[in-house]
There are 4 protein chains.
Amino acid sequence: MAPKPDVSEERKDQILEAATRVFTQRGFDDARMDDIVAESGLSKGAIYWYFDSKEAIIVAILDRIFYWETAHIQKNISSDLGAAKQLELFVQASIEEMHKIEPLMPLFFDFWTRSLRNPTINQAIKRYYQLFLEIIEPIIQQGISTGEFRPVDVKQSAMTIGAALEGTILMWAYFPKIIDFDKQFRITLDILLQGLVANELTSVRD
Amino acid sequence: MAPKPDVSEERKDQILEAATRVFTQRGFDDARMDDIVAESGLSKGAIYWYFDSKEAIIVAILDRIFYWETAHIQKNISSDLGAAKQLELFVQASIEEMHKIEPLMPLFFDFWTRSLRNPTINQAIKRYYQLFLEIIEPIIQQGISTGEFRPVDVKQSAMTIGAALEGTILMWAYFPKIIDFDKQFRITLDILLQGLVANELTSVRD
Amino acid sequence: MAPKPDVSEERKDQILEAATRVFTQRGFDDARMDDIVAESGLSKGAIYWYFDSKEAIIVAILDRIFYWETAHIQKNISSDLGAAKQLELFVQASIEEMHKIEPLMPLFFDFWTRSLRNPTINQAIKRYYQLFLEIIEPIIQQGISTGEFRPVDVKQSAMTIGAALEGTILMWAYFPKIIDFDKQFRITLDILLQGLVANELTSVRD
Amino acid sequence: MAPKPDVSEERKDQILEAATRVFTQRGFDDARMDDIVAESGLSKGAIYWYFDSKEAIIVAILDRIFYWETAHIQKNISSDLGAAKQLELFVQASIEEMHKIEPLMPLFFDFWTRSLRNPTINQAIKRYYQLFLEIIEPIIQQGISTGEFRPVDVKQSAMTIGAALEGTILMWAYFPKIIDFDKQFRITLDILLQGLVANELTSVRD
DNA sequence: GATGAATGAGGATTCATTCAT
DNA sequence: TATGAATGAATCCTCATTCAT
């Protein structure tokens with residue numbers, strides 16, 4: 001008899017995809033395990049065979065999303081390019097990613113809320129943002145070194161860029177019809193770059 | 001006989017303050033009505049006498065916060081001042097407000113999450129952000145008119161500023177030890193202003 | 001100062017009328033004291049000033065209805081008339097009473113159910129039925145004595161008549177559109193009288 | 001591995017029997033789900049696994065009783081017999097059924113009361129009474145055709161018989177010690193038959 | 001007499017999780 | 001592996017009744 005093929009990963013995918021749909025639609029707390037059972041087409045026992053608890057499913061979903069996201073973040077933007085150009089490329093890539101996970105937005109709100117009381121989720125999000133900043137920082141650093149950017153504080157400036165992008169996503173969740181996401185991202189980048197590039201004014205403040 | 005003094009506002013405050021403490025600490029979904037009962041020092045019946053449901057309580061809390069916040073947002077920043085200066089003052093005022101509601105941050109995550117499925121909460125937050133933008137826009141408009149700022153798109157630029165500030169708050173929730181809130185806000189403002197002020201470079205791109 | 005007029009009875013009426021409306025519409029168990037408060041236009045305290053409990057109100061309503069009903073039952077149907085004629089008059093009077101309390105029918109169901117566990121209500125209903133039978137019995141007795149009726153068992157025959165009328169009311173509650181109440185009552189009386197009057201057949205059986 | 005035997009019908013029976021005992025004893029509104037849990041020997045969850053709500057349980061009980069009753073009502077009383085004889089047999093069968101459901105009488109009061117506000121219960125009872133009438137009507141019809149009965153209105157006469165029997169049950173609930181159920185049923189039948197059979201008197205009235 | 005805010009025991013229902021099969 | 005019936009602690013909310021004013 002041929003060894004039974006391992007369907008573990010397949011089943012887990014099946015469950016996580018079903019759970020993602022359910023969570024997206026009803027929110028973590030309003031979603032019922034039975035909803036996931038129904039949506040997945042599996043049985044209650046099967047769900048619990050692959051995942052210890054509802055919370056474990058939530059964490060697994062987060063892991064997948066962030067693993068996937070992380071894998072796609074361009075870590076190796078060629079430093080041959082100018083810093084501004086690199087940031088542009090990075091923002092461009094971010095926009096593309098954003099559009100891919102757009103339908104999952106509701107999940108992120110739940111993750112944010114849950115991260116306050118679930119250390120695992122908190123760590124995952126933190127790591128993700130960290131990674132995000134770790135890409136921006138060297139670019140800014142390069143920009144300053146080459147004189148392309150003003151001698152700003154690298155970490156704080158990176159944080160400003162990251163915050164501006166994250167904030168745009170948040171605002172967009174409330175004004176999806178008003179905000180043209182791509183355009184807004186580019187406008188924001190434009191202003192930020194203008195604020196970073198070196199010119200005779202070192203600071204607007206006296 | 002002295003007329004019985006109306007204590008209903010007092011009671012509502014009592015309940016909302018207790019609920020705020022409970023929700024902040026345990027999150028809306030993990031909070032139990034009994035926690036609020038215990039924390040408020042009132043009875044179960046009294047809570048339900050003043051509020052129809054647990055959900056009604058969180059809506060009332062949001063209303064109070066936003067009513068209070070809204071009342072304190074400086075709408076009348078003197079237009080005698082330069083646009084950059086006005087933005088500075090606005091950010092300064094925002095920082096001060098932020099510090100006042102800092103302990104309530106966990107609640108905002110709950111608000112964000114619940115706003116996806118509770119239209120009342122959604123509207124309240126939307127209105128608040130709207131108000132926020134409506135203060136920034138005229139300042140930018142003035143800056144452009146006087147030539148102090150580049151001829152940027154007013155609405156989109158206001159959104160950039162708003163998003164940057166909101167995003168900073170979000171990031172700060174994850175890196176409270178790393179981010180010096182006040183400094184970060186000011187750095188961000190500095191970069192944004194640099195990006196808005198008029199100078200020979202119209203755009204860093206191309 | 002003129003002595004304050006006693007409004008007790010007036011208030012009690014006010015409460016009982018409101019309660020009757022509420023109970024009729026929602027049933028005893030689904031009705032809330034607050035419904036009665038609202039319907040009566042009085043305060044919670046006032047209700048409890050005049051009645052000790054919800055159950056007391058129910059009993060009071062029953063008492064009023066049965067007192068009123070009882071008072072209207074024709075006890076002194078002239079025995080100068082034939083027994084059949086007397087029964088006819090009695091049924092005629094019953095029909096008229098029925099129409100008066102028709103809107104209260106739902107209450108009777110509640111009374112019936114409650115009488116199983118509330119001795120006071122049970123006694124009241126029992127007394128009422130007893131009274132009913134006590135009117136019919138002498139008529140039948142008279143009919144037998146005068147030879148107008150067959151020598152049936154008086155008590156059991158009275159019960160048959162009473163049961164037929166009560167049963168008609170019950171059926172009518174389920175088939176209000178099919179049953180013409182007045183006609184049905186008269187048909188039933190007709191058959192019963194036919195069954196009671198003396199004729200050569202003493203019994204249809206054997 | 002032997003397939004797990006389907007115990008769902010068994011469980012439902014178990015629950016409905018326990019609930020019947022509880023409802024009979026305490027009445028629907030006074031009965032607590034915990035009483036049913038205790039009486040059934042199952043868990044709270046099991047009860048709710050099989051029935052959606054307390055209301056659903058009483059509906060199911062009614063359904064079973066009426067289904068069983070309906071199945072036992074003799075629809076095929078041989079028309080070779082005389083109409084009077086058929087009615088006798090029918091009443092005899094009814095008496096036997098009555099004795100079987102005698103302990104459930106208290107439930108019927110709850111059914112009657114709830115039928116006012118629960119369409120499902122209302123329909124069930126209506127259907128049952130309808131069925132009852134549909135058995136009596138053809139017998140009367142036959143009696144009239146053969147000249148055994150007077151030319152009475154079939155539907156109304158059937159209603160009279162049905163009402164008399166139902167009414168007897170109702171009265172008996174109040175005078176269980178006074179009424180000898182079987183005898184009373186037979187007396188009633190006797191009078192009704194006497195009222196239906198043809199003889200020279202067409203009507204007792206004038 | 002009258003008010004209505006306050007009480008709190010009680011109750012129906014939910015739902016994550018378990019486990020015998 | 002997989003099933004789904006069974007568990008029962010937990011939870012929100014109700015509502016008859018009370019009582020200070």
Side-chain angles (χ1 to χ4, degrees), chain A residues 4-8 11 29-37 42-57, chain B residues 1-8 10-12 15 29-37 40-57, chain C residues 4 6-8 11 29-38 42-57, chain D residues 1-8 10-12 15 29-37 40-57:
Chain A
K4 210 177 291 180
D6 185 3
V7 293
S8 280
R11 283 278 178 284
D29 283 295
D30 283 353
R32 305 291 152 231
M33 288 305 275
D34 279 321
D35 296 333
I36 299 175
V37 168
L42 296 173
S43 70
K44 191 81 78 76
I47 307 287
Y48 276 94
W49 179 265
Y50 292 105
F51 295 95
D52 285 345
S53 65
K54 188 179 173 185
E55 193 76 19
I57 294 179
Chain B
M1 195 168 71
K4 205 183 294 182
D6 184 2
V7 294
S8 70
E10 195 182 324
R11 284 279 175 286
K12 282 186 181 175
I15 293 167
D29 282 299
D30 284 350
R32 303 293 149 229
M33 288 306 276
D34 278 327
D35 296 333
I36 300 177
V37 168
S40 69
L42 294 172
S43 70
K44 192 83 76 74
I47 309 287
Y48 277 96
W49 177 264
Y50 291 104
F51 296 97
D52 285 344
S53 65
K54 192 179 171 187
E55 189 80 19
I57 294 179
Chain C
K4 212 178 289 180
D6 185 4
V7 294
S8 282
R11 283 277 179 284
D29 283 296
D30 284 353
R32 306 288 152 233
M33 289 304 276
D34 279 323
D35 297 332
I36 300 176
V37 169
L42 296 174
S43 71
K44 191 81 78 78
I47 308 287
Y48 276 94
W49 179 262
Y50 290 105
F51 295 96
D52 285 345
S53 66
K54 189 182 175 183
E55 192 77 19
I57 294 178
Chain D
M1 195 170 71
K4 205 183 294 183
D6 185 2
V7 294
S8 69
E10 194 183 323
R11 283 278 176 286
K12 282 186 183 177
I15 293 166
D29 282 300
D30 284 351
R32 303 290 149 232
M33 289 305 278
D34 278 327
D35 297 334
I36 300 176
V37 168
S40 69
L42 295 172
S43 70
K44 195 82 77 75
I47 309 287
Y48 278 95
W49 177 263
Y50 290 104
F51 296 97
D52 285 344
S53 65
K54 193 181 170 186
E55 189 80 19
I57 293 179

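In what follows, every chain begins at residue 1, and chains take the letters A, B, ... in the order their sequences are listed.
- Counting to the nearest Å, the P atom of E:dA6 and the CD1 atom of B:Ile47 are 10 Å from each other.
- Applying the 4.0 Å criterion to OP1 and OP2 of F:dT1, one finds that A:Trp49 has every side-chain N and O outside that range.
- Base-pairing analysis of DNA chain F finds the following stems of at least three consecutive Watson-Crick or G-U pairs, with both pairing distances under 3.5 Å: E:2-21 with F:2-21.
- For CG of D:Asp52, the number of neighbouring non-hydrogen atoms (other residues, nucleotides, ligands) closer than 6.0 Å is 12 at most.
- Distances shown here put every side-chain N or O of A:Tyr48 at or beyond 4.0 Å from the OP1 or OP2 atom of F:dT1.
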Just do the side chain to side chain contact (heavy atoms under 4.5 Å, CB included) check on B:Trp49 and B:Arg11 with the steps written out, would you?
-> CA-CA 10 Å; B:Trp49 177 264; B:Arg11 284 279 175 286; over 6 Å; no
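- Between the C1' atom of F:dA16 and the CG atom of C:Asp35 lies a distance of 12 Å, rounded to the nearest Å.
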Could you walk me through whether C:Arg32 and C:Asp30 pass the side chain to side chain contact (heavy atoms under 4.5 Å, CB included) check?
-> CA-CA 6 Å; C:Arg32 306 288 152 233; C:Asp30 284 353; 4.3 Å; yes
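- Atom CD1 of B:Ile36 and atom P of E:dG8 are 18 Å apart (whole Å).
- Atoms CD1 and NZ, on C:Ile47 and C:Lys54 in that order, are 13.0 Å from each other to the nearest 0.5 Å.
- A:Val37 is not listed as a side-chain neighbour of A:Ser43, based on a closest heavy-atom distance of 4.5 Å or more.
- Here the CD1-CD1 distance, from B:Ile57 to B:Ile15, works out to 6.5 Å after rounding to the nearest 0.5 Å.
- Residues A:Tyr50 and B:Gly45 each lie close to DNA chain F; by heavy-atom proximity, the contact nearer the 5' end of the strand is made by A:Tyr50.
- At F:dA16, one or more side-chain N or O atoms of C:Arg32 fall inside 4.0 Å of OP1 or OP2 (strictly under the cut-off).
- Nearest-nucleotide assignment on DNA chain F puts the 5′-proximal partner with A:Leu42, out of B:Glu55 and A:Leu42.
- Contact between the side-chain N/O atoms of C:Arg11 and the OP1/OP2 oxygens of E:dG1 is not found at any separation under 4.0 Å.
- Side chain A:Lys54 to base E:dT17: no donor-acceptor pair is found below 3.5 Å.
- If you measure from atom CG of B:Asp30 to atom C1' of F:dA10, you get 13 Å, rounded to the nearest angstrom.
- When each of A:Asp34 and B:Ala46 is assigned the nucleotide of DNA chain E with its nearest heavy atom, B:Ala46 is the one assigned upstream, toward the 5' end.
- When the P atom is used for both E:dG1 and F:dT21, the distance is 23 Å, rounded to whole Å.
- Interface remark: the C:Lys44 side chain does not form any donor-acceptor pair with the F:dT18 base, using a distance-only criterion of under 3.5 Å.
- As judged by a 4.0 angstrom heavy-atom cut-off over every strand, D:Phe51 is placed among residues making no nucleic acid contact.
- Across all strands shown, D:Ala56 has no heavy atoms under 4.0 Å from either base or sugar-phosphate atoms.
- In this structure, CD1 of B:Ile57 is placed 11 Å from C1' of F:dC12, rounded to the nearest angstrom.
- To the nearest 0.5 Å, atoms CG (A:Leu42) and OH (A:Tyr48) are separated by 14.0 Å.
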